[in-house]
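A short worksheet on the structure shown next.
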Number of protein chains: 2
Amino acid sequence: MTVLEQYIHSYFGVTLDDISKISSYFQLTTLNKGDYFLKAGQICNKLSFHKSGLIRVYVATEKKEVTQWISTQGYFVTDLAGIMFNKPTKYNIQALTDCELYTIKTDDYNRIGNFIPKWHQLEKLFIARCFTFLEDRIFMLLSMTAAERYKLFFENQKELFNQVPLQYIASMLGMTPETLSRLRKKKLE
Amino acid sequence: MTVLEQYIHSYFGVTLDDISKISSYFQLTTLNKGDYFLKAGQICNKLSFHKSGLIRVYVATEKKEVTQWISTQGYFVTDLAGIMFNKPTKYNIQALTDCELYTIKTDDYNRIGNFIPKWHQLEKLFIARCFTFLEDRIFMLLSMTAAERYKLFFENQKELFNQVPLQYIASMLGMTPETLSRLRKKKLE
DNA sequence: TTTTACTCTTGATAAAAATCAAGAAGTTAT
DNA sequence: ATAACTTCTTGATTTTTATCAAGAGTAAAA
């Protein structure tokens, strides 16, 4: 059983038969460090389950790059506006390290529903879960200080601090690299 | 045609017949000013289309109340974690004015899919739209100063400033009421 | 290896935003 | 109408966070 199959199994109540059907639509693909999964302006036409490596999602504004998210093993990588509404993305999605992904094209993705009746419902639940995740993130940004955001993130994602340039983590937490650096120092003392 | 039917019509490609079927599941309900649609700790078991009035969604922390969202006509009001995953909510949802809502119970909501095959797909698209909306909000909170957030919000929601206590708008934009007050003053000069 | 990029840290300073406190205006209740 | 609440504003001050600048450490490239 692949990690993708394990994921589907643990998050959705689907029969083993359906799991292997679903996962058979996905192809193992790779990205080399620095490669772009998607560039701003493109219309995303694929969905990937993140098997290994690190990926950064960011927006390039005139003034700065804003890291919206850093993906690690176990997340899905895509641009929802692209695969659902065929809209060009504002995000750049780039591999920070060599990566392995299980990837499906939007066309195939949209056909799964024909073979697996429960599919749309599973999709719905999955997106709903993502929605509540973002809700929590907004609450964090609205209500917490930089120090509190750092603490919370650090507790949940310790590993990332050794693997990802800290400036990206800082941006994703809504602070400058200098501020993050000082918070880290203060924590040690 | 009710505003709910108009909404369904404009956002989803559904036949007029299906529209009236869908909307027939919704009942017109009212909230009086101050009434709670939902209180923290409860499991949300309804979904409402907001017809008139104003509703505030907030989290009560030990230190302060954090306004997550202010709903006006045309939005849906619910707690997704409740209706999708049967989880208790952390939100308080309270009427700021007398309100009219088209409301459906979760049980009925979950039955619509039996009568309208496309339903799950519509739901999925609707939630996906909400997801991208939150993505944009996170980007705003990560990348903009208080002044920029105020400006952007003001451009899109001018009306709200006359109808809602400004302290709630301030909280929703991630700033204190004093800061919002000063930004407003500066804008006039 | 040497050079060239990055990345992170640190200090000094400036800017932004929060806090505290008081008072003015407007609402609601009695 | 008066009193009791709220809400908003304003000023003074403090705290938080960003900006600017320089240097140290690391990794990658020539």
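Throughout, protein chains are lettered first and strands after them, A, B, ... in sequence-line order, and every chain is numbered starting at 1. All values reported here derive from a predicted model rather than from experimental measurement.
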Do NZ/NE/NH1/NH2 and the carboxylate oxygens of Arg56(B) and Glu65(B) come within less than 4.0 Å?
yes
Within the structure shown, what part of the strands sits under 4.0 Å from Lys64(A) by heavy-atom distance: base, sugar-phosphate, or nothing?
nothing
Sidechain N-carboxylate O distance under 4.0 Å for Glu123(A), Lys118(A):
no
Taking every non-hydrogen atom, the tightest pair across Leu28(B) and Lys51(B)
CD1-CD, 4.1 Å
What integer distance in Å separates Leu166(B):CG from dT10(D):P?
12 Å
Given dG11(C), dT17(D), dC8(C), identify the nucleotide with an atom nearest to the side chain of Lys185(A).
dG11(C)
Euclidean distance, atom CG of residue Leu183(B) to atom C1' of dC8(D) [Å, nearest integer]
14 Å
Comparing Thr176(B) with Pro165(A), nearest DNA chain C nucleotide closer to 5' gives the residue Pro165(A)
Taking the minimum atom-to-atom distance to the side chain of Ala146(B), which one of dT17(D), dG11(C), dA17(C) wins?
dA17(C)
Check whether any side-chain N or O of Lys33(B) sits under 4.0 Å from OP1 or OP2 of dT28(C), and answer yes or no.
yes
Value in whole Å for how far the C1' atom of dG26(C) lies from CG of Asn162(B):
15 Å
Check the distance between dC8(D)'s P and Tyr150(B)'s OH and give it to me in whole angstrom.
13 Å
Spacing between Leu180(B) atom CG and dA18(C) atom C1', to the nearest angstrom:
14 Å
Whole-Å distance, Glu65(B) CD to dT7(D) P, equals 10 Å
Integer-rounded Å distance: dT28(C) P and Leu96(B) CG
13 Å
Please confirm whether the shortest side-chain N or O distance from Ser181(B) to OP1 or OP2 of dC8(D) is below 4.0 Å.
no
Test: Asp18(A) and Lys21(A) ion pair at under 4.0 Å:
yes
For Tyr168(A), which of Val57(A), Leu96(A), Leu54(A) qualifies under side-chain contact (heavy atoms from CB on, under 4.5 Å)?
Leu96(A)
Among dA17(C), dT10(D), dA18(D), the one nearest any side-chain atom of Arg182(B) is dT10(D)
Any N or O donor-acceptor pair linking the side chain of Gln167(A) to the base of dC6(C) at under 3.5 Å?
no
Please state how far atom NZ in Lys186(A) lies from atom P in dT15(D), giving the value in whole angstrom units.
12 Å
Does the side chain of Thr179(B) get closer than 4.0 angstrom to OP1 or OP2 of dA18(C) through an N or O atom?
yes
